[in-house]
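Notes follow once the structure below has been shown.
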Amino acid sequence: MFDRGFFLTLHAVRRQLAAMPNEFYFIRLIHGFTRRPCPGERVWDVGQLLRGSVLRFLRARNLQGFDVYLLPFAESGNAGYILLDLDHAADVLPRMRANGHEPCVLLQTSPGHLQAWIRVSTTPLEAAVATAISKHLAHTYGGDWASTGWCHLGRLAGFTNQKPQRRTITGHAPWVRIVEARAVLAGAAQDLLRCATQVVAHRPTDTMNRLSPVGNPASTITAQGATRIYQRWMQRWHIRERFAQPDWSIVDLWLARKLLAMHISTTQVETILRLGSPHFPRQHGDPENYLRRTLAGAALAPPRTVCSSHATAPLTPDDETDKDFSNSRGER
């Protein structure tokens with residue numbers, strides 16, 4: 001039987017991937033209502049993503065209420081693509097073209113809402129440089145600052161937007177549609193890279209710590225404060241109640257992901273794990289290497305279960321906002 005919906009999805013996914021070529025792609029499924037991620041492997045190449053079985057799996061999860069997100073994958077760096085999340089910006093495309101910031105992919109994620117992928121490099125970028133470009137473009141075009149960063153995921157075309165607030169007046173989930181898709185490098189890519197590199201090079205040390213790999217600079221967080229932060233999130237996630245024997249390395253990973261998403265500096269996240277994680281360093285032969293690997297994987301690691309033999313549900317962070325952490329990091 002001819003499945004028209006499947007072939008429309010296949011065509012849309014093929015167009016998007018062709019316009020933003022990369023060796024691997026990171027796929028994440030997040031429930032539109034609960035915001036809980038769907039567990040499972042997430043890094044696929046183009047051939048795997050275009051397989052009928054994979055697309056049918058993604059379509060089935062989409063039908064169950066999961067949004068489908070994508071990120072060109074480049075290990076701990078950025079693959080050269082910057083996401084720009086735009087709302088109510090019908091005139092933005094001519095401005096972007098005029099400035100040499102033309103997107104390789106422009107999506108309509110729901111009526112009046114756009115996402116643009118701008119390719120600024122054919123080789124991977126350092127996280128700090130990609131983040132600087134992302135924030136610059138968001139400022140220039142009125143993009144969503146909550147969606148800036150070197151590893152922020154965008155939507156995959158050919159699936160529906162399952163967020164309740166995006167549903168139509170008839171209750172239907174809108175389709176994520178391709179407005180434009182061309183495999184192009186932004187005309188002003190070199191200018192963006194040069195300016196971002198200069199900005200990063202001249203940032204104060206404390207600002208750089210938010211974007212640089214984990215090191216050992218001094219942190220203002222005390223052991224008591226780190227423990228309090230760690231325990232607070234354990235209570236919110238009901239770790240002790242849900243898991244008889246938690247795997248603390250997985251809890252560390254989830255907490256690192258949560259704090260980095262809240263724009264807590266890598267230095268402070270490292271300190272919180274070192275001083276607050278139960279019985280750390282436990283049996284780690286190289287604790288510093290463990291912390292580096294945990295933070296490097298925090299942004300892109302797929303959701304995992306805390307204990308395979310005792311778990312009753314996947315460990316998932318809640319949707320708390322930055323304000324709950326503001327007193328701990330001295331910000332308002």
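Side-chain atoms are counted along with the backbone in the values below, which use heavy atoms only and exclude waters and symmetry mates.
Annotation: the span from Tyr230 atom OH to Ile239 atom CD1 amounts to 8.0 Å, rounded to 0.5 Å. Expressed to the nearest 0.5 Å, how far CG of Leu70 lies from CG of Leu83 amounts to 10.0 Å. Leu71 contributes atom CG, which lies 5.0 Å from atom CH2 of Trp117 (distance to the nearest 0.5 angstrom). Leu291 contributes atom CG, which lies 9.0 Å from atom OG1 of Thr271 (distance to the nearest 0.5 angstrom). Rounded to the nearest 0.5 Å, atoms OG1 (Thr131) and NE2 (His136) are 14.5 Å apart. Atom-to-atom distance recorded for Ile229:CD1 and Gln224:CD is 11.0 Å, nearest 0.5 angstrom.
Residues passing the ring pair (Phe, Tyr, Trp, His ring centres under 6.0 Å) test with His152: none are found, sequence neighbours excluded. Residues meeting the side chain to side chain donor-acceptor pair (under 3.5 Å) test with Asn22, sequence neighbours left out: none. When the side chain to side chain donor-acceptor pair (under 3.5 Å) test is applied to Asp67, the partners found at least two apart in sequence or on another chain are Arg155. Partners of Arg167 by side chain to side chain donor-acceptor pair (under 3.5 Å), not counting sequence neighbours, listed by chain and number: Gln162. Residues forming a side chain to side chain donor-acceptor pair (under 3.5 Å) with Glu180 (at least two apart in sequence, or on another chain): Arg97.
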Side-chain donor-acceptor pairs under 3.5 Å in residues 47-60, sequence neighbours left out?
from  : atom 1 : to    : atom 2 : distance (Å)
Gln48 : OE1    : Asp45 : N      : 3.0
Arg59 : NH1    : Gly5  : O      : 3.1
Arg59 : NH1    : Thr9  : OG1    : 2.9

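Between the side chain of Arg257 and the backbone N or O of Ala298, at least one donor-acceptor pair lies under 3.5 Å. Side chain of Glu126 to main chain of Gly77: no donor-acceptor pair is present (N/O by atom type, distance under 3.5 Å, no hydrogens or angles). Thr294 places no side-chain N or O within donor-acceptor distance of the main-chain N or O of Leu253, the cut-off being under 3.5 Å. Under a 3.5 Å cut-off, the side chain of Thr148 and the backbone N or O of Trp145 do form a donor-acceptor pair. In terms of modelled atom types and a separation under 3.5 Å, the side chain of Asn78 and the main chain of Ala127 share no donor-acceptor contact. A distance-only check finds no donor-acceptor pair linking the side chain of Ser134 to the backbone of Ala130 [under 3.5 Å]. Between the Tyr81 side chain and the Pro21 main chain, a donor and an acceptor come within less than 3.5 Å of each other. In this structure, the side chain of His284 does not engage the main chain of Asp286 through any donor-acceptor pair within 3.5 Å.
For the residue pair Tyr69 and Arg28, no side-chain donor N or O sits within less than 3.5 Å of a side-chain acceptor on the partner. A donor-acceptor contact closer than 3.5 angstrom links the side chains of Arg282 and Ser277.
Looking at every heavy atom in both residues, Ala157 comes nearest to Val13 through O-CG2, 3.5 Å. The two atoms that bring Thr109 and Val176 nearest to each other are O-CG2, 4.1 Å, heavy atoms only. Shown here for Pro278 and Met234, the closest heavy-atom pair between the two residues is CG-SD, 4.4 Å. Ala18 and Ala183 get closest at one heavy-atom pair: O-CB, 3.6 Å. Smallest separation of non-hydrogen atoms from Ser110 and Asn161: CB-ND2, 4.1 Å. A pairwise comparison of heavy atoms in Leu273 and Asp252 identifies CD2-O, 3.8 Å as the closest pair.
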Before giving the answer on side-chain contact (heavy atoms from CB on, under 4.5 Å), spell out for Leu193 and Ile133 the whole-Å C-alpha distance, their side-chain angles and the decisive distance to 0.1 Å. CA-CA 7 Å; Leu193 290 171; Ile133 295 174; 3.8 Å; yes
Begin with the C-alpha distance, continue with both residues' side-chain angles, and end with the deciding distance and a verdict on side-chain contact (heavy atoms from CB on, under 4.5 Å) for Phe243 and Val251. CA-CA 11 Å; Phe243 307 103; Val251 181; over 6 Å; no
Between Leu84 and Met96, does the side-chain contact (heavy atoms from CB on, under 4.5 Å) criterion hold? Intermediate values first, please. CA-CA 11 Å; Leu84 188 57; Met96 294 178 70; 4.0 Å; yes
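No more than 12 heavy atoms of other residues, nucleotides or ligands lie within 6.0 Å of CD in Glu23, so this atom counts as exposed by the packing criterion. The number of heavy atoms from other shown groups lying within 6.0 Å of CD (Glu241) is above 12. With a 6.0 Å radius and a threshold of 12 heavy atoms from other residues, nucleotides or ligands, His139 has its NE2 atom at or below the threshold.
In this structure, His101 has its ring center closer than 6.0 angstrom to the ring center of Tyr141.
Comment: Arg274 engages Glu270 in a salt bridge, judged by a side-chain N to carboxylate O separation of less than 4.0 angstrom.
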